Amino acid sequence: MSEHIFIGVAWPYANGPLHLGHIAGAYLPADIFARYHRLKGNKVLMVSGSDQHGAPITIRAERESTTPQEVVAKYHQQFIDCWKKLGISFDLFTTTGTPNHTQVTHNIFLNLLNKGYIYKDKMLQAYCPKCQRVLPDRYLEGTCPYCGFTKARGDECDACGKPLNSWELKDLRCYLCSTPPRFESSEHFFLRLPSFQDKLTAWIKEQTHWRHNVLGTTWKFLGEGLKDRAITRDLDWGVTVPQSGFERKRIYVWFEAVIGYLSASKEWAKLQGDDTAWQAFWQDDARSFYFIGKDNIFFHTLVWPAMLMGYGGLNLPYDVPANEFLTIEGKKLSTSRGWAIWLHDYLERYEPDPLRYALAANMPETGDSDFSWHEFLRRNNNELLATYGNLAHRVLTFAYRNFDGVVPTAGEMDERSQSLLHGAEVTLDGVDKLLYHCQFKEAVKKSMSLAQEANRYLDEQAPWKTIKIERETSAKSVYTVLSVLAALKTVFYPFLPFSSERLHSFLGFDGSVKEAGWKVQFLPPGQKLRQPQPLFVKLDEDVVDKESSRLDSLSENRQIES
RNA sequence: GGCAGCGUAGCUCAGGGGUAGAGCAGAGGACUCAUAAGCCUUUGGUCGGUGGUUCAAAUCCACCCGCUGCCA
């Protein structure tokens, strides 16, 4: 039976390029999951988009003497290019800047307002008279009252780690121009999160299938007690507030960005020519999955569900398989210090599949994990290429040369060969279950072990020997391994779509792996093979040194600049 | 500071009350179809530290140390 699977992926902030942490954390697992479900014959809707609002973008635009719209457009285009090159198969990747998004946001805002989940109140805000801008906490700087650090931010002291309220700081000033701010009273809307506390608690209790880290974080927030949160800001860049008197205010990004999941679904439906097509993914038995980094858990397990509960009639998340963080060469990623590997930069120089493999095989599912160029090289050369790529290449070239370029007729299958074919089906089944439960790392491992088993079989059978004595025996072994390759291109498809498609074609199939479905696609004897080529490129050892020094120099330059 | 997660073989990571696991790296071997890839065998860890609960702890508890994140 075909299922409806909604996949929401964290909205990247259109303020800078994407790095490997973003990919390992959200985009790659989401794409693996989407491809898997499509192959299973399920209906998948995977959406996301550029988050284009918020103060950092306006400030960046001012610094670069351009407009927020131009900053956003630049990165939005870069994101789209990256998705294409890396094979992240969104059904729609839009932005929060569409009229549709504004309309959907207004609809939810007014709905929650009418039901009393949103109320109006006054709050004090810091305002910089020189920048003529309301200053969010992190744009305030001053001296920490606890440790005396002179560059503490309005929300937290970087030196002693204490959380702060901006008015506690001594010598308070604007982070951008050092002018002392003045505090003004301003009217804003607030979301009554506490009124969802009980319902959320009851709902979270049922989510026993969620990851431990996600549940742990969620319970922590519930335990502390939810608090009301402002959902509007004094800004001019953002989604407008549909209330008179609020013409110069905008909806706070955190509130409208999560609504993007719904507005993107509606936009997708319109593009399909069926305005109601989104409903099948948001109602009834449809299950929704949200792929995010651990920093985003609060918004996806509590805030967004609360908004949905208040709104009514739409499915709450079925799962939020948040990943932990990726470190680079053992050090934490830092965009401001230039300690990052940028996706667009990687894709200019290397193939997508090896990266997908390296990140999936070591995905930060249960804890932070590390990416190093040495490890990347090893994964590519010793696992991907040596175990899987070489298996494909040795069998395909052997069949191509010795059996007239066609799939040989197997003849009678012995027990060993049958058990390997059975093993292929067991693997398919096992990977199926693992992917169903979002256990990506295990799924890669299990897939690779099938390739290992096939290598072992091939060595035992030695068709290169038997072909000199008994052609049928050799044909049987070759046929068996070709069938295992057919299974491998299927199990690996979610992880390695590009090489799977190539293998699919070398095996003589037409069309895409997608159409073949999640099953061992046995080869018709006599099917014409295509001239095989190596699936993966061996990387030279000096890649490690080159990339490491590149990383160091980028990082140093960045520090000199700032 | 509070809270959460993590700390397991040289490296990257699984496991999670009952004789320590995988892959890679290292060592030895047989083979040669293949991108000098593959296969077999093998070295290697008192599971961050100290206490405690238990017949039994890497696994539970307490405290400590280190790393990471969150504090809306």
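Every chain is numbered from 1 and lettered A, B, ... according to where its sequence line falls, protein lines coming before strand lines. Note that the structure is predicted; figures quoted are calculated from it, not measured.
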A:Q125 side chain near A:D234 side chain, heavy-atom distance below 4.5 Å
yes

Check: A:H393 ring centroid to A:F536 ring centroid under 6.0 Å
no

Under 3.5 Å between N/O atoms: give me all the protein pairs with nucleotides 40-43 of chain B, atom names plus distance.
unit_1	atom_1	unit_2	atom_2	d
B:rC40	OP1	A:R456	NE	2.9

With distance as the sole criterion, is a donor-acceptor pair present between the side chains of A:T301 and A:T218 under 3.5 Å?
yes

Stem list for RNA chain B, please, built from Watson-Crick and G-U wobble pairs under 3.5 Å and keeping only runs of at least 3.
B:1-7 with B:65-71, B:10-13 with B:21-24, B:26-29 with B:39-42, B:48-52 with B:60-64

Could you list by number each residue of residues 426-443 of chain A showing a heavy-atom separation from RNA chain B of less than 4.0 Å, or answer none if no residue does?
A:K441, A:E442

Please measure how far the P atom in B:rU53 lies from the corresponding atom in B:rG66, and state the result in whole Å.
28 Å

Any idea which of B:rA37, B:rC13, B:rA72 is nearest the A:A386 side chain?
B:rA37

Counting N and O atoms only, with roles assigned by atom type, does the side chain of A:T201 sit under 3.5 Å from a partner on the main chain of A:Q197, one being a donor and the other an acceptor?
yes

Taking for A:N362 and for A:R229 the nucleotide of RNA chain B with the nearest heavy atom, the one nearer the 5' end belongs to A:N362

Do A:W11 and A:W254 have their ring centres less than 6.0 Å from each other?
no

In this structure, are over 12 heavy atoms from other groups packed under 6.0 Å from A:K249 atom NZ?
yes

C1' atoms of B:rA25 and B:rA9, separation to the nearest Å:
11 Å

B/S/- contact track for nucleotides 20-25 of chain B, protein heavy atom under 4.0 Å:
---SSS

Could you list, one pair per line, each protein nitrogen or oxygen that sits under 3.5 Å from a nitrogen or oxygen of nucleotides 29-36 of chain B, together with the distance?
unit_1	atom_1	unit_2	atom_2	d
B:rC33	O2	A:R394	NE	3.2
B:rC33	N3	A:R394	NE	3.3
B:rC33	N3	A:R394	NH2	2.5
B:rC33	N4	A:R394	NH2	2.9
B:rA34	OP1	A:R401	NH1	3.0
B:rA34	O3'	A:H393	ND1	3.3
B:rA34	O2'	A:N390	OD1	2.7
B:rA34	O2'	A:H393	ND1	3.4
B:rA34	N1	A:R394	NH2	3.4
B:rA34	N3	A:N390	ND2	3.1
B:rA34	N3	A:R394	NE	3.2
B:rU35	N3	A:F536	O	2.8
B:rU35	O4	A:L535	N	3.0
B:rU35	O4	A:F536	N	2.9
B:rU35	O4	A:F536	O	2.9

So, A:E375 versus A:S372: side-chain donor-acceptor pair below 3.5 Å or not?
no

Compute the ring centroids of A:F495 and A:Y357, then answer whether they are less than 6.0 Å apart.
no

Using the P atom as the point on both nucleotides, what is the distance between B:rG16 and B:rA72, in whole Å?
34 Å

Could you check whether A:D459 pairs with A:R394 (Lys NZ or Arg NE/NH1/NH2 to Asp/Glu carboxylate O, under 4.0 Å)?
yes

Less than 6.0 Å separating the ring centroids of A:Y119 and A:F189?
no

What's the gap between B:rG52 and B:rU59 when it is taken at their C1' atoms, as a whole Å value?
15 Å

Can you tell me if A:S548 and A:D545 form a side-chain donor-acceptor pair at under 3.5 Å?
no

Return yes if some donor-acceptor pair links the side-chain N/O of A:Q527 with the main-chain N/O of A:L507 below 3.5 Å, else return no.
yes

Parallel, tilted or perpendicular, as decided by the 30° and 60° cut-offs, for the rings of A:H22 and A:H19
parallel

Is a side-chain donor or acceptor of A:D353 paired with a backbone partner of A:S499 at a separation under 3.5 angstrom?
yes

Rounded distance in Å between the C1' positions of B:rC65 and B:rG10
23 Å

For RNA chain B, determine which residues of residues 290-298 of chain A have any heavy atom closer than 4.0 angstrom to one of its atoms, and list them numerically.
A:K294, A:F298

Treating A:E329 as the side-chain partner and A:W373 as the backbone partner, does any N or O pair qualify as donor plus acceptor under 3.5 Å?
yes

Of A:W203, A:W304, A:Y117, which is the lone residue that meets side chain to side chain contact (heavy atoms under 4.5 Å, CB included) with A:M309?
A:W203

Same-atom distance (C1') from B:rC71 to B:rG17, integer angstrom:
35 Å

Checking side-chain polar atoms at under 3.5 Å, does A:Q439 have a donor or acceptor matched by the opposite partner on A:K433?
no

With rounding to whole Å, what would you report as the distance between B:rG49 and B:rC67 at their C1' atoms?
15 Å

The answer to which of A:G225 and A:D368 contacts RNA chain B further toward the 5' end, by nearest nucleotide, is A:D368

Examine the side chains of A:Y346 and A:E351 and answer whether a donor and an acceptor come within less than 3.5 Å of each other.
no

Is the side chain of A:R530 donor-acceptor paired with the backbone N or O of A:S505 at a distance under 3.5 Å, no angle test?
yes

